[in-house]
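First comes the structure, then the notes that go with it.
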Amino acid sequence: MDLAESKIGTSAIYRPGAGSIEGSPTALQMFHAHPLVMAMPHWHAQVEVNYVMRGTVHYRMSDHEFRLNAGEMCLFWGGQPHQMDESSDDSLYAGAHLPLIYFFRLRLPISISSRLMKGETLLTSATDAADNENFARWFHYSKSGDSAKAQHAVDELLLRIERIALEPYSMTTSKTIVSLEGDQPHPNSSRSVARMCDFIAANFLQDIDSVDIARAADLHPKYAMNLFKRSTGMTISKYVTLLRLSRAQAMLMSEGANVLQVAMDSGFGSISAFNKSFRHIAGMSPSDFRRDIRLVTTVPAGSFQN
């Protein structure tokens with residue numbers, strides 16, 4: 001994407017690093033802040049929940065774009081490259097990055113979970129004043145250092161996400177919006193998917209395959225692969241690769257990062273496999289990504305003009 005298209009202007013730019021969400025692809029992280037625009041698309045292996053409390057923001061996804069105003073909320077799969085390219089000066093948002101080990105424990109309709117995983121975005125304006133208070137409290141609880149408060153915040157957040165399906169919402173992709181009402185709950189097979197995600201999260205940097213993952217969930221390998229694909233819209237191997245790419249993306253942002261070392265430390269068996277996978281999601285080689293991300297994160301805000 002041409003930087004001139006993204007309308008970055010003089011806004012402060014999001015500066016990712018190894019400690020940001022890209023570098024922790026299995027972590028549930030909450031946020032409550034003024035959203036910074038992104039000079040480049042990024043990706044991460046979590047479902048993103050954004051609630052705009054004030055102002056307005058604009059997103060570009062792989063095949064659609066949308067704007068969120070105060071009082072609106074969205075959910076989308078962060079595994080697709082995405083970019084927040086506009087954020088009003090007064091904007092404030094809150095939300096979380098939700099790993100699949102949490103996402104597939106939610107009691108959501110199939111029409112939500114499967115379509116999110118295929119790249120659609122859920123939009124809803126069915127929010128109220130309590131959301132402003134709750135999202136702020138959940139964030140402070142998550143940062144409190146108190147494990148009981150942190151767990152309470154997660155539990156309440158998950159219940160709030162489930163409530164979305166009980167009120168009007170829409171799904172959008174390719175600039176087409178389809179309004180939906182609540183439908184049948186997600187089947188119990190999601191528990192098996194969650195068990196697979198648990199094992200993958202703990203072992204994705206190791207040399208694991210679908211047999212290892214299926215065994216961890218007490219499933220036949222062929223059944224496990226079919227179930228995972230039906231539930232997430234991607235193969236088990238693609239999800240494992242995405243976790244590795246998310247970690248690699250963060251490592252490449254570090255000063256002095258060596259592409260070969262990043263490939264090995266991210267779980268890839270060879271530099272050729274790493275280059276091929278990285279180019280597929282980023283549209284450029286790891287070396288070019290490292291060069292470009294350093295350029296846009298070291299140039300002062302305001303240097304990019306419309």
> Phe31: what forms a ring-ring contact (aromatic ring centres under 6.0 Å, His included) with it, not counting sequence neighbours?
Replying inline: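 ring-ring contact (aromatic ring centres under 6.0 Å, His included) list for Phe31, sorted by chain: Tyr93, His97.
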
Please tell me whether [X] and [Y] have a donor and an acceptor in their side chains that are separated by less than 3.5 angstrom.
| X | Y | value |
| --- | --- | --- |
| Thr172 | His64 | no |
| His44 | Gln46 | yes |
| Asn275 | Ser285 | no |
| Arg195 | Ser192 | yes |

For [Y], does its backbone N or O pair with a side-chain atom of [X] as donor and acceptor, under 3.5 Å?
| X | Y | answer |
| --- | --- | --- |
| Ser144 | Asp146 | yes |
| His152 | Ala150 | no |
| Asn132 | Ala129 | no |
| Glu162 | Arg107 | yes |
| Ser91 | Thr56 | no |
| Arg244 | Phe204 | yes |
| Asn203 | Gln206 | no |
| Ser125 | Glu72 | no |

Determine, using the 4.5 Å side-chain heavy-atom cutoff (strictly less than), whether [X] and [Y] are members of one ILVMFWY cluster.
| X | Y | value |
| --- | --- | --- |
| Met53 | Tyr141 | no |
| Phe139 | Leu159 | no |
| Val262 | Ile271 | yes |
| Met196 | Val211 | no |
| Met225 | Tyr223 | yes |

Does the side chain of [Y] come within less than 4.5 Å of [X]'s, by heavy atoms?
| X | Y | value |
| --- | --- | --- |
| Met117 | Met234 | yes |
| Glu167 | Thr124 | no |
| Pro41 | Arg60 | no |
| Ile161 | Leu98 | yes |
| Met73 | Asn50 | no |

Residues which pass side-chain contact (heavy atoms from CB on, under 4.5 Å) with [X], listed by chain and number, not counting sequence neighbours:
| X | answer |
| --- | --- |
| Ala273 | Ser270 |
| Ser237 | Thr235 |
| Ala201 | Thr26, Ile101 |
| Met264 | Leu260 |

> Should Tyr102 and Leu106 be marked as a side-chain contact (heavy atoms from CB on, under 4.5 Å) after you check the CA-CA gap, both sets of side-chain angles, and the distance that decides it?
Replying inline: CA-CA 7 Å; Tyr102 290 93; Leu106 292 171; over 6 Å; no

> Does the ring centre of Trp43 sit less than 6.0 Å away from the ring centre of Phe76?
Replying inline: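 No; Trp43 has its ring centre 6.0 Å or more from that of Phe76.
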
Euclidean distance, [Y] [atom2] relative to [X] [atom1], rounded to 0.5 Å:
| X | Y | atom1 | atom2 | value |
| --- | --- | --- | --- | --- |
| Arg290 | Met284 | CZ | CE | 13.0 Å |
| Gln80 | Glu48 | CD | CD | 10.0 Å |
| Leu245 | Ile281 | CG | CD1 | 5.5 Å |
| Asp131 | Arg163 | CG | CZ | 5.5 Å |
| Leu75 | Phe103 | CG | CZ | 7.0 Å |
| Asn226 | Leu219 | CG | CG | 11.0 Å |

>> What verdict does the side-chain contact (heavy atoms from CB on, under 4.5 Å) test give for Thr127 and Phe135, after you've listed the backbone C-alpha separation in whole Å, the side-chain angles of each residue and the deciding distance to 0.1 Å?
In response: CA-CA 12 Å; Thr127 62; Phe135 273 99; over 6 Å; no

> Tell me, which pairs form a salt bridge (Lys or Arg N to Asp or Glu O under 4.0 Å) where one or both residues lie in residues 207-217, sequence neighbours left out?
Replying inline: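 The answer is Asp212-Arg215.
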
> Nearest heavy-atom pair of Leu36 and Met84: which atoms, and what distance?
Replying inline: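 What the structure gives for the nearest pair is O-SD, 4.0 Å.
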
>> Val240 vs Lys238, test: side-chain contact (heavy atoms from CB on, under 4.5 Å). Steps then yes/no.
In response: CA-CA 5 Å; Val240 173; Lys238 183 176 180 180; over 6 Å; no

>> Students often mix this up, so state it plainly: with edges at 30° and 60°, are the rings of Phe278 and Phe274 parallel, tilted or perpendicular?
In response: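 The arrangement is perpendicular - the two ring planes meet at more than 60°.
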
> Aromatic rings His32 and His140: how do their planes relate, parallel, tilted or perpendicular, breaks at 30° and 60°?
Replying inline: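 If you compare the ring of His32 with that of His140, the planes turn out tilted.
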
> Does a side-chain N-to-carboxylate-O contact under 4.0 Å join Arg291 and Asp288?
Replying inline: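 Counted as a salt bridge, because a side-chain N and a carboxylate O are separated by less than 4.0 Å.
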
> Less than 4.0 Å between a side-chain N and a carboxylate O, is that true for Glu156 and Arg160?
Replying inline: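 Here Arg160 does not pair with Glu156 in a salt bridge, since their nearest N and O are not under 4.0 Å apart.
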
> Of Val37, Asp85, Leu68, which meets side-chain contact (heavy atoms from CB on, under 4.5 Å) against His58?
Replying inline: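 Of all the options given, the one that passes is Asp85.
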
> Passes side-chain contact (heavy atoms from CB on, under 4.5 Å), Ile112 versus Tyr169? Steps please.
Replying inline: CA-CA 10 Å; Ile112 290 181; Tyr169 62 90; 3.6 Å; yes

